[in-house]
Amino acid sequence: MGRWLKNPARLKTLSALKNPWVLGTVASIGAGVLPLVVPGEWPLVWRALIAVVAAALAGASGSYFGVVLTRAEDAAAAIEALHLVLDPLIHHPQGPAGGERSVFELLLPQSCPTPFWGRRGERDWLWAWCQEEAVPGLLVVDGPGGCGKTRLALRAAQEAAADGWVAGWLREGKAADLVDAAAAVADSQVLVLVDNADIRTDLANLLGALARYEGRARLRVVLITRHGVELGQALQSHLPEQHALLVKSAPVMSLLPLGETSDLIRWYGEAVRAFAAARATPAPPVSDTIAPVREGQTMVEVLTQAMVTVLRQAAPTGSPAPLDEVAGVLFEHEARWWRGTAALDRWAVGPVTDVLLARIVAALALFAPADEPDAIGVLRRVPELADAPAERVTNLVRWAHSLYPPAAGAGVRLGPNLLADWFITTSLTRTEGDRHFARHLLNDPTEEQAARILTLLARAGEHHPPARLLFEQLLGGDPVRLARHAIYAALTTATNRRELDHTTATALAAADLDPDTTTRLLRLTPAYALPRCALTLTRRRLHGARATGTPPELADALTDLAAALERVGEHREQVLVTREAVGLRRGLADGTPARRFDLAEALGNLSVALNGAGEPREQLLAAREAVDLCRELADGAPAYRRDLGRALGNLSVALHHAGDPREQLQVAREEVDLRRGLADDHPTHRPGFGRSLIRLAGALHQAGEHREQQLLVAREAVGLCRELADGDPALRPTLAHALIHLSAALNRVREHREQLLVAREVVGLCRELTDGNSAHRFDLAEALIECTTALNRVGEHGEQLRVAREAVGLCRELADGNPGCRPALRRALGNLSVALHRAGEHGEQLRVAREEVGLCRELMDGNAYRSDLADALANLSFALHQVGEHHEQLRVAREAAGLCRELADGNPAHRRVLGEALGNLSAALDRVGEHDEQLRVVQEAVGLYRELAAHDPELFHQAYVDNRATLRQLRPQHGDQDDITFNL
C-alpha cells in the first residue's frame with residue numbers, strides 16, 4: 001500500500017472512493033446482507049433485532065472505510081507535497097527545433113545516453129549509508145570538477161527509487177518545505193540530492209532544518225560539491241553551533257578520476273557510439289588502442305572529447321585537446337543552434353545577433369533567476385535589452401528556458417560545470433566589449449544574487465583564471481555589503497583560496513568598515529584559512545582601539561594583530577607589535593598584580609615573534625621571564641598550568657636556538673609531563689600536548705642520544721596530530737611539523753625507506769598548505785630539506801639534486817626577507833653540497849660549501865650554530881678534497897676538529913660529530929704526508945669510538961673497527977690491546 005501511495009496520480013482514486021454515494025452504497029450492502037441470510041421462520045422480534053444490529057454494523061463499516069480512505073489520502077498528500085519540492089531524477093526535454101538537441105543535454109548525467117561505468121564500491125557504500133539506522137542524515141560527496149560525483153549520486157538515487165524510496169533533486173529555496181514534508185510522511189524513505197551545493201543560497205536553511213528534523217520517515221540528504229571539507233568550513237562560520245555540528249560530523253565520500261588508460265579508451269569509444277546514436281548521425285570510426293585520452297582525466301573530459309569527435313565526424317588522434325579548445329567547439333555548435341531556434345516565428349524575438357544570444361544565456365546561467373519575472377529582470381542588465389519592449393524580453397526568456405529548462409528552479413541548466421564556467425567566464429572577459437557587458441551585468445546585484453555569483457566565480461577560477469577578475473570587480477563595487485559573501489565564497493574553494501584571500505583582503509583594506517562590521521566579519525573569517533583577510537580586519541580593529549579603546553583593549557588588539565602577522569610570516573612587524581604589547585602589559589601589571597598573567601602571555605608572544613625574526617638572545621630572555629611568571633601563577637592557581645606549559649614550550653625553542661641542548665631537553669620533558677596530565681583531564685589540551693611531543697622529539701635529537709626514545713616520541717606525536725588534523729584542518733601545519741621530526745628520527749635509526757615515505761608525505765602536505773597560505777613556505781623548505789636527506793640515504797641521487805636545488809632556492813627567497821630563515825638556508829646548502837658531490841659537479845659543490853661556511857660564521861653567536869659551523873666545515877673539507885686542494889683541506893679539517901673537541905667537552909652528544917671530524921682530519925693529513933700527526937689523530941679516534949661503541953655498538957662498532965685498522969697500518973706494533981667485547 002505504501003509504495004502504491006507514493007504515486008501522486010493515485011490520489012484522485014482515493015478521493016473518488018470517499019464520495020458519499022460510494023460510502024452509502026457500502027452501508028446499504030452491509031445493511032441488506034444479514035437479513036437476507038436470516039431464516040424466515042425465526043420470530044419477528046429476533047429478525048427485527050438482527051436487522052437493527054446489521055444496520056448499525058453496516059454504518060460502522062462505511063464509517064471505518066471512510067476513515068481508512070482519509071488516512072490513505074493524507075499519506076498520499078504528504079507524498080505529493082514531498083514531490084513538489086523535488087525535481088525528478090531524470091530529465092526528458094522536448095527540443096524546440098524539431099529533432100535538434102543541445103550537445104550539453106547529452107553531457108548532463110540526468111540525460112546522458114552512455115552507460116554508467118565503475119564506482120561499484122562507492123555505490124554499495126552509499127546504499128549501505130542510506131540503509132543504516134544510526135548515522136547522520138547528511139552525506140557530502142566531493143571530488144574534482146567533472147569526475148562523476150553527480151553521476152554516482154544519480155545512479156544511487158535511481159536504485160533507491162526502484163526499491164521504493166522517494167528520491168529527487170532538491171529545488172532551490174525549498175529546504176524548509178522539504179523537511180516539513182518529510183516529517184509529515186510516516187514509514188517512508190526519502191533520498192534527496194543537492195547538486196552544486198557550494199553555490200546554493202538556501203543551504204544554511206536546509207542544514208538548520210535538518211538539525212531540527214524529528215520525523216518518522218528516514219531522510220537522507222546528499223550534498224554534491226568539489227571541496228567537501230572546505231564547504232564544511234565555510235558553513236560552520238555561518239551556522240549556529242548546533243547546526244554546524246551536523247556539517248562537521250557528516251561523512252565525506254571523496255572521489256578521484258576513474259579508470260586506467262585502457263578503460264578510458266574503451267569508455268571513449270562507447271561514448272562516441274552512444275552520442276552518435278542519440279544525434280542520429282553515423283558514428284566516426286574509433287580505435288580499440290588509441291584515443292584522445294590520458295590517465296587521470298575526469299569523466300567529463302572523456303565525454304566532451306567523444307562529443308567533439310561526433311560533431312567533427314573525424315577520426316580521433318591520440319592526444320586530448322585542451323579544455324578551452326573542446327569547450328570552444330561545443331559552444332560553436334550551441335551558437336548555431338541558438339541562432340536557428342531564435343529565428344523561429346513561434347518566439348517572436350526580433351532580430352538578434354550571436355553575441356546577444358550568448359549574453360542572454362550567460363546572464364541566466366550566472367544569476368539563476370528563480371522564476372520568469374526574475375529572469376526578465378536579469379535580462380534588463382544586458383545593455384542591448386535595457387530599454388527593449390517588455391514582450392521581446394519575455395519572449396527571449398521563454399526562448400532560453402525552452403532550450404535549457406531551469407534546473408531545480410534556478411536558472412538555465414546549461415551543461416557540466418566545467419563547460420558552463422568556461423562559457424560564463426569567456427563571455428564576460430574575452431574582449432573589451434565583453435568586459436563592458438560584465439560591468440553592466442554585475443552592477444548592484446541583490447545580496448542573494450551576489451552570494452551565488454561570487455561563489456560560482458570562486459569555483460570557476462580554479463580552471464579559468466579570468467574569473468578571479470570578475471570576482472574582484474563584483475566585490476570591489478560594494479565591499480562593505482558583499483564582504484561576508486566573498487569570505488564564504490573564498491572558503492568554499494581549495495586550489496583558488498590563496499588568490500581569493502588576497503583579493504578579498506585588498507577590498508577590505510580599501511573599504512570603510514565600522515567597528516561592528518569589522519567584528520562581525522572577523523567572526524566569519526577562520527584565520528588559518530584566510531590569513532590575509534584576518535590580518536586586514538585585525539589591523540582595522542587595532543586602528544579603532546588606538547582611537548577610542550582603553551589600554552587593556554589596545555593591548556588585546558595588539559595581541560590579536562601579532563597572531564595575525566605570525567600566520568602570514570611578517571615577523572619583523574610582529575616583533576614591533578609584541579614589544580608594544582609587552583610595554584602596555586608591563587605597565588598595567590605594575591599597578592595591578594592580577595594582570596601579571598597578561599604580561600606573561602605577552603612575553604610568550606614576544607618570544608615567538610623573536611624566534612621568527614631570528615633574534616635568539618632576546619628570545620631567550622623573554623622566554624625565561626615568561627616561565628618565571630607562569631610558575632608563580634601556577635603555584636598559586638592550578639588553572640595556570642596550561643599557560644606554564646605554553647611558556648615552557650617557548651623556552652624549549654629558545655634554548656635550541658641558544659645552543660643549550662641539555663637544558664632544552666630538561667625543559668621539553670617538563671613540558672610533556674605537564675601537558676600529558678592536562679590532556680588526560682580534558683581533550684581540549686590535546687593539541688598543546690601534541691606540540692609538546694614535537695618539541696621533545698626535537699630536543700632528543702639535539703641531545704644526540706636517545707635514538708629509540710626519539711623515534712617513540714616522534715611516532716606518538718604523528719599519531720596524535722594526524723587524529724587531530726582529521727577533525728580540524730587548522731592543525732594540519734602541526735601535523736607537518738610532527739612528520740618532519742619523525743623523518744629525522746627515522747634517519748637516526750637508519751630506517752631510510754620509511755624515512756623517505758614520511759618525507760614525501762610531508763612535502764606533499766606542505767605544498768597544499770603553501771597553496772593556501774604563502775607563510776607556510778618555511779614549512780615546505782624544512783620538508784624539502786628532510787626529503788633531500790632521505791633521498792640521499794636511499795641512493796635516489798637524481799631526485800636528490802632536484803629537491804636540494806628547490807630547497808636552496810626557496811630558502812634564499814625566505815632568508816632575503818627574514819634573517820630568521822638563514823639557518824634553514826644553511827642546512828639546505830649543506831644538502832645541496834652533498835647532492836652535487838653525488839652528481840659529480842665538484843666545482844659547484846665547492847662554491848656551495850664555501851657559501852655554507854660563510855653563512856655559519858655570520859650566524860655563530862656564542863654556542864649557537866657552532867655545531868652547524870662544524871658540519872659546514874666538514875662539507876667544505878670534503879669538497880676541497882674533490883678538487884685536489886689538499887693543503888686548504890687540511891686547514892679546514894683542523895679547524896673543524898678543534899671546534900668539535902670544544903663542542904664535545906661541553907656536551908657528550910657531540911662526540912659522534914667529533915669522531916667524523918677526526919676521520920676527515922686523518923684523511924687530510926694522509927694526503928699531505930703528515931703521518932705523525934695522523935697517528936695521534938687516529939689514536940684519539942680509536943679511543944673515542946671505543947667509548948661510543950661500548951655504549952651503542954650497533955651504531956659505532958664498525959667505525960671503531962675501521963679506525964683500529966687504520967691505526968695498525970700506521971703503527972703495526974700497536975697490537976690488540978684495544979680489543980673489547982660487543983654485544984651486537
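Since we're looking at a predicted model, the values are computed, not measured.
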#### Entry: Greater than 12 external heavy atoms within 6.0 Å of Q236's CD
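Yes - once you tally the heavy atoms of other residues, nucleotides and ligands closer than 6.0 Å, there are more than 12.
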### Task
Inspect the surroundings of CD1 in I290 and state if more than 12 heavy atoms from other residues, nucleotides or ligands are less than 6.0 Å away.
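Atom CD1 in I290 is not crowded, with 12 or fewer foreign heavy atoms closer than 6.0 Å.
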Within this structure, what is the [atom1]-[atom2] distance for the pair [X] and [Y], rounded to the nearest 0.5 Å?
X    : Y    : atom1 : atom2 : result
D124 : E159 : CG    : CD    : 8.0 Å
L303 : F275 : CG    : CZ    : 4.5 Å
T492 : I199 : OG1   : CD1   : 9.5 Å
L396 : L356 : CG    : CG    : 6.5 Å
S427 : L366 : OG    : CG    : 10.0 Å

Distance-only, no hydrogens or angles: does the [X] side chain make a donor-acceptor pair with backbone N or O of [Y] under 3.5 Å?
X    : Y    : answer
T225 : G228 : no
R151 : L108 : no
S188 : A217 : no
R497 : L491 : yes
Q313 : P282 : yes
H463 : L323 : no
S111 : L107 : no
Q297 : P257 : no
E768 : L765 : no
K149 : I224 : no

Residues two or more places apart in sequence or in another chain: which of them pass side-chain hydrogen bond (donor to acceptor under 3.5 Å, both in side chains) with [X]?
X    : value
D434 : T431
E334 : S102, Y404
R273 : none
E332 : none

### Query
How would you list all residue pairs meeting ring-ring contact (aromatic ring centres under 6.0 Å, His included) that involve residues 245-271, not counting sequence neighbours?
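For residues 245-271, and leaving out neighbouring residues, the ring-ring contact (aromatic ring centres under 6.0 Å, His included) pairs sorted by first residue read W117-W267.
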### Message
Applying ring-ring contact (aromatic ring centres under 6.0 Å, His included) as the test, list every pair that has at least one member in residues 276-332; sequence neighbours left out.
### Response
F104-F331, F331-W422, F331-F423
#### Entry: Any residue meeting salt bridge (Lys or Arg N to Asp or Glu O under 4.0 Å) with D726, in chain and number order, not counting sequence neighbours
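Checked D726 against salt bridge (Lys or Arg N to Asp or Glu O under 4.0 Å); zero matches.
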Closest non-hydrogen atom pair, [X] against [Y]:
X    : Y    : answer
T114 : A274 : CG2-CB, 4.0 Å
L258 : G118 : CD2-CA, 4.0 Å
V272 : P284 : CG1-CD, 3.8 Å
L364 : A375 : CD2-CB, 3.9 Å
R468 : N496 : NE-OD1, 2.7 Å
W399 : A342 : NE1-N, 3.5 Å

A side-chain contact here means heavy atoms from C-beta on lying under 4.5 Å apart; do [X] and [Y] qualify?
X    : Y    : value
V378 : P369 : yes
V221 : L223 : yes
V192 : V222 : no
L178 : L206 : yes
W338 : D354 : no
D163 : Q189 : no
L86  : V166 : yes
V190 : W165 : no

### Contact list for residues 290-308, test salt bridge (charged side-chain N to carboxylate O under 4.0 Å, His left out), sequence neighbours left out
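Output for this query is empty, none listed.
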#### Entry: side chain to side chain contact (heavy atoms under 4.5 Å, CB included) evaluation trace for L428 with T426
CA-CA 5 Å; L428 273 65; T426 54; over 6 Å; no
#### Entry: Working for side chain to side chain contact (heavy atoms under 4.5 Å, CB included), residues M307 and V326
CA-CA 9 Å; M307 182 62 77; V326 170; over 6 Å; no
Would you tabulate the side-chain donor-acceptor contacts of residues 455-462 under 3.5 Å, counting partners in other chains and residues two or more places apart, or write 'none'?
unit_1 : atom_1 : unit_2 : atom_2 : d
T455   : OG1    : A451   : O      : 2.8
R459   : NE     : D421   : OD2    : 3.1
R459   : NH1    : N196   : OD1    : 3.2
R459   : NH2    : D421   : OD1    : 2.9
E462   : OE1    : R226   : NH1    : 3.3
E462   : OE1    : H227   : NE2    : 3.3
E462   : OE2    : H227   : NE2    : 2.6
E462   : OE2    : T493   : OG1    : 2.4

### Task
Mind running salt bridge (charged side-chain N to carboxylate O under 4.0 Å, His left out) on E132 and R220 for me, showing each step along the way?
CA-CA 10 Å; E132 185 66 36; R220 296 286 183 262; over 6 Å; no
#### Entry: Set of residues satisfying side chain to side chain contact (heavy atoms under 4.5 Å, CB included) with respect to Q158, sequence neighbours excluded
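L89, I90, L154, R155.
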### R216: partners by side chain to side chain contact (heavy atoms under 4.5 Å, CB included), with sequence neighbours left out
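Only A186, D187 meet the side chain to side chain contact (heavy atoms under 4.5 Å, CB included) criterion with R216.
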### Message
Test side chain to side chain contact (heavy atoms under 4.5 Å, CB included) on L219 and L191; report intermediate values, then the result.
### Response
CA-CA 6 Å; L219 177 59; L191 178 59; over 6 Å; no
#### Entry: Step-by-step side chain to side chain contact (heavy atoms under 4.5 Å, CB included) determination, M253 to W129
CA-CA 11 Å; M253 177 191 287; W129 169 78; over 6 Å; no
### Message
I want to check a possible cation-pi pair here: R398 against W347, using under 6.0 Å from ring centre and within 45° of the ring axis as the test.
### Response
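That pair does not qualify as a cation-pi contact.
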### Query
Is there any side-chain hydrogen bond (donor to acceptor under 3.5 Å, both in side chains) pair reaching into residues 244-256, and which pairs are they, with sequence neighbours excluded?
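Residue pairs with at least one partner in residues 244-256: D142-S254.
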